[in-house]
Amino acid sequence: MGEQQKIARTMQGLVVSNRMDKTIAVRIERRIKHPLYKKYVKKSTKVLAHDEQNQCREGDKVTIQESRPLSKQKSWMLVNIDERAAEI
């Protein structure tokens with residue numbers, strides 16, 4: 001019986017804040033069907049993710065991966081930046 005490797009969850013979202021040191025706030029949006037009205041509604045969740053090189057900017061689309069708890073609120077880690085935000 002070999003040990004099975006646990007597959008970490010990955011999600012895509014939008015960086016809404018990068019003001020903290022080595023931490024980004026990522027908004028993850030999902031669409032759910034309303035139980036009564038059957039209309040699709042956007043729901044969002046904001047999570048904190050670890051950004052080791054401080055390379056993300058607000059507006060970037062990123063992929064994050066679940067990891068061990070790095071602080072009280074931070075248990076996600078930046079995997080890569082999918083799309084850079086437009087420079088103003």
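No experiment lies behind these values; they were computed from the predicted model shown.
- For S17 against M20, the heavy-atom pair with the smallest separation is OG-CE, 4.3 Å.
- Applying the 4.5 Å side-chain rule to ILVMFWY residues, one finds M11, V15, I24, V26, I28, V47, I64, W76, L78, I81 in the same cluster as V62.
- Going from atom NZ of K46 over to atom CG of L48 covers 7.5 Å, rounded to the nearest 0.5 Å.
- No more than 12 heavy atoms of other residues, nucleotides or ligands lie within 6.0 Å of CD1 in I7, so this atom counts as exposed by the packing criterion.
- Q55 places none of its side-chain heavy atoms less than 4.5 Å from the side chain of D60.
- In this structure, the side chains of R84 and R57 come closer than 4.5 Å at one or more pairs of heavy atoms.
- Across every non-hydrogen atom of A85 and G59, the tightest pair is CB-C, 3.6 Å.
- Once rounded to the nearest 0.5 Å, the distance linking CD of Q65 with CE of M77 reads 8.5 Å.
- Nearest heavy-atom pair, S75 versus P69, reported as atom, atom and distance to 0.1 Å: CB-CA, 4.0 Å.
- Residue pairs meeting the salt bridge (charged side-chain N to carboxylate O under 4.0 Å, His left out) criterion with at least one partner in residues 13-28, sequence neighbours excluded, are R19-E58, K22-E52, R27-E29.
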